[in-house]
Amino acid sequence: MNKNLRSPSVDLLFDAILTLRTREECYRFFEDVCTVGEIVSVAQRFEVASMLRDGMTYMEIAAKTGASTATISRVGRSLNYGNDGYSVAFERLAGRDG
C-alpha cells in the first residue's frame, strides 16, 4: 500500500464512500465529488481490468473502450503486481450474482 496515500482526509473520503448504500447514492456522491471525466476514467479502468481478466487483447480492449494502450498496460500492471484491489471487487461482484 502506498504510504503517501494514507492520510486522515483520504480515510474520511473512504469512510464516506463506505456509507453509500445504493447505486443512486453513489451517482449523487460522485457527481458532487468528481468531474464527469474523472468518473468516466475510473469506470473505463475498471472495465479494462475486467476485459484483461477475461483474456482480451490490448487491441480488442482499445477498440471496444477507447482506452489507450498505456492505460491498458497500467491497469494490467495493477492486476498482476498491485494490491489485489481489483480482485477483491471482482470476487465480491461475482458473489452477488450467485
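V36 places none of its side-chain heavy atoms less than 4.5 Å from the side chain of E31. You'll find the side chain of I17 reaches within 4.5 Å of the side chain of F30, heavy atoms only. Taking 4.5 Å as the limit, some side-chain heavy atom of Y58 sits within range of a side-chain heavy atom of L52.
A donor-acceptor distance shorter than 3.5 angstrom exists from the side chain of S41 to the backbone of G37, with no hydrogens or angles considered. With hydrogens and angles disregarded, a donor-acceptor distance shorter than 3.5 Å links the side chain of E25 to the backbone of R21.
At a threshold of 4.5 Å between side-chain heavy atoms, the hydrophobic network of Ile, Leu, Val, Met, Phe, Trp and Tyr places I72 and M59 in two separate groups. The hydrophobic cluster containing V42 does not contain Y86, counting ILVMFWY residues as joined when their side-chain heavy atoms lie under 4.5 angstrom apart, directly or transitively. Residue F46 is grouped with residue L79 when hydrophobic side chains (ILVMFWY) are merged at heavy-atom distances under 4.5 angstrom, including chains of intermediate members. Transitive grouping of hydrophobic side chains (ILVMFWY, heavy atoms separated by less than 4.5 Å) keeps V10 and L18 in distinct clusters. The same ILVMFWY cluster, assembled from side-chain heavy atoms under 4.5 Å apart, contains both V75 and L93.
Residues A67 and V48 come closest through the heavy atom pair CB-CG2, 3.9 Å. Residues I39 and C34 come closest through the heavy atom pair CG1-CB, 3.7 Å.
With sequence neighbours excluded, the residues that form a side-chain contact (heavy atoms from CB on, under 4.5 Å) with T35 are E38.
To the nearest 0.5 angstrom, T65 atom OG1 is 5.0 Å from Q44 atom CD. Here the straight-line distance linking atom CD of E91 with atom CG of D84 works out to 8.0 Å at 0.5 Å rounding.
Side-chain contact annotation: S78 with R74, donor-acceptor N/O pair under 3.5 Å absent.
A 6.0 Å sphere centred on CZ of R53 holds more than 12 heavy atoms belonging to other residues, nucleotides or ligands. Enclosure of atom CZ in F29 by more than 12 non-hydrogen atoms of other residues, nucleotides or ligands within 6.0 angstrom is indicated.
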